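Down below is the structure, laid out as structure tokens.
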Amino acid sequence: MKSLLALAVVAALPAAAQVPVAERLRDAPPAVRRAVDSMVVLAVARGLPAEPLILKAVEGTAKQAPPERVIAALGALFDRLGTSVAALHAGGLMSPAPGDIEAGAFALSAGLDSSAVAALTRNGARTNAAEATLRVGATLRAMGVPAAEVLDLVSRALRDGQPPGQLAALPAQVQAAIARGATPAAAAAGAARGQRGGGRPPEPPGRGRPPDRGPPPRR
Amino acid sequence: MTLHPLIQSLLDDECTIADLPPELRPEGERLLRLMRLMGGEHIMVSQQVEQRVMAVLRERAARRRSLWAWLSTPLQLRMQVRPWLLGVALAGIAGVTIIVARRPQTPAAVVAPSPVEAVVRFVFYAPDAHHVAVAGSFNDWSPGAAPLARLDGGIWAITLALRPGQHQYAFVVDGQRWVADPGAPTVDDGFGRRNSVLAIDRPVAAL
């Protein structure tokens, strides 16, 4: 049974991640490796994606976090993945893809609660873009936009029939307004108002910039 | 995309690699190589991406070689078969062939297009640092996989080709200090620090 689950784990991993798990975790303490083994088997048995758990263990090992902290982070992520599935179901997505589940878990980690994840799912599922909607909502929340404004902005954008590509540009619009001095809530409200007016051309999500010296020269 | 003015001159054929100061030559060489590969696009692929691609190509080539060696080696078969058994076997093969031929045809497998990588420029300001790298979910959090090049004024930069999707990352300063990107949204990493968030939804993210 365990070998069947192990096969299922390999099949469930994206192609890019099919470097052997043991190799990716070669520097991890034995306790972390054991925790990953058991959680991955459990995740696959419950229909949860395994790759985020493996990646979190790799991240914790790279950051030299204590084993108990890595295991706690894995447990929290496992719980978020489970909560994400429940929220996706509540939002009407009964057979979520691994990407949907990961996006829901990311939204939870960014500070949205399960009811907000369900609401975003419901909005996004209408245009078959639940994952993109959740990721945009999560990114906005990570910028400090309050959950209510996140829901308002995203649902308004979807209601106005914006294609997924333009939806993905919302965080950049909000970030540009924040960079100009607006609060996250005001920036989101401004972007929501701009939905009908067309708004300025979107910029990509933020990248690192040197503080206090202005942007580096552009090509 | 931000480039050092001398590297810009190199790419514009206004100078040669020998005209660059030694610290800029590796980046210049990489960019020239990639420009040739990409038909003029200024893209620097991380060392890890390059290694993965080469590993896959080598593996496929080796697989093809071994398959050809097996196919081209003559096999010697010695069989003793009773004629009535041979007849039964041939009838069986014919039956299976007819059954398979009568099955409804399914469409040929559709090969999903591989996700297009987007070009992202990471820029970090750290005038006192001796080494800066970017590590994230796109390179298995490897602190050595993507070192930034030092530019003028304490600015460090690297351009990477990343797959579309949601990525988390941090800068690793002097191999020890993990620092979130001050210009990007962040989330709790679960280890007491913050990860920066990068969403790539378009084929090319120009900066």
Side-chain angles (χ1 to χ4, degrees), chain A residues 14-17 19 24 52 54-56 58-66 69-70 72-74 76-77 99 102-103 106 109-111 131-132 135-136 138-145 164-165 167-169 171-172 175 179 203-213 215-219, chain B residues 1-5 8 42 52 114-115 118 120-127 134-138 140-143 151-157 163 165-166 168 170-172 176 178-193 195-202 205-207:
Chain A
V19 177
R24 296 171 72 193
I54 298 164
L55 197 56
K56 183 53 75 177
V58 170
E59 178 190 349
T61 303
K63 291 181 175 177
Q64 297 180 328
R69 187 132 202 184
V70 178
L74 285 172
L77 177 56
E102 280 185 57
F106 171 62
S109 72
E131 181 185 346
R135 291 198 187 285
V136 167
T139 305
L140 290 168
R141 184 70 192 97
M143 287 174 176
V145 177
L167 185 72
Q175 189 172 17
E203 292 169 12
R207 313 282 186 271
R209 279 190 196 97
D212 305 322
R213 289 199 175 203
R218 282 168 189 274
R219 200 180 161 208
Chain B
M1 193 164 99
T2 308
L3 286 174
H4 190 285
Q8 184 63 65
H42 297 173
R52 280 184 191 168
S114 61
V120 177
R121 181 79 164 165
F122 292 91
V123 182
F124 188 62
Y125 179 69
V134 62
S137 49
F138 44 80
D140 243 8
W141 294 96
S142 171
L151 307 179
D152 289 339
I155 296 170
W156 299 75
R163 294 161 66 98
Q166 195 96 39
Q168 295 189 25
F171 293 111
V172 190
Q176 293 288 324
W178 291 75
V179 185
D181 186 339
T186 61
V187 290
D188 181 10
D189 71 349
F191 310 114
R193 300 189 186 93
N195 285 339
S196 302
V197 175
L198 171 65
I200 300 172
D201 294 280
R202 286 171 293 173
L207 287 178

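Lettering follows sequence order; numbering is per chain, from 1. Predicted model, so just to flag it, every value in this text is computed and none were measured.
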Top contributor to chain A interface from B/D188, B/V172, B/N195 [non-hydrogen pairs under 4.5 Å]: B/N195
Minimum heavy-atom separation for B/P185 and A/T139, please, with both atom names. CG-CG2, 4.1 Å
Chain B contact via A/A110 - side chain, backbone, both or neither, heavy atoms under 4.5 Å: both
Calculate, to the nearest 0.5 Å, the distance between atoms CD and CH2 belonging to A/Q64 and B/W178 respectively. 9.0 Å
Which heavy atom in A/F106 sits nearest to a heavy atom in B/V187, and how many Å separate them? CE1-CG1, 3.9 Å
Minimum heavy-atom distance between B/G190 and A/A73, given as atom pair plus value: O-CB, 3.9 Å
Rounded distance [0.5 Å steps], CD in A/E59 versus CG in B/D189: 5.5 Å
List the steps, then state whether side-chain contact (heavy atoms from CB on, under 4.5 Å) holds for B/W141 with A/R24. CA-CA 10 Å; B/W141 294 96; A/R24 296 171 72 193; over 6 Å; no
Rounded to the nearest 0.5 Å, how far does CD of A/E102 lie from CD of B/Q166? 10.0 Å
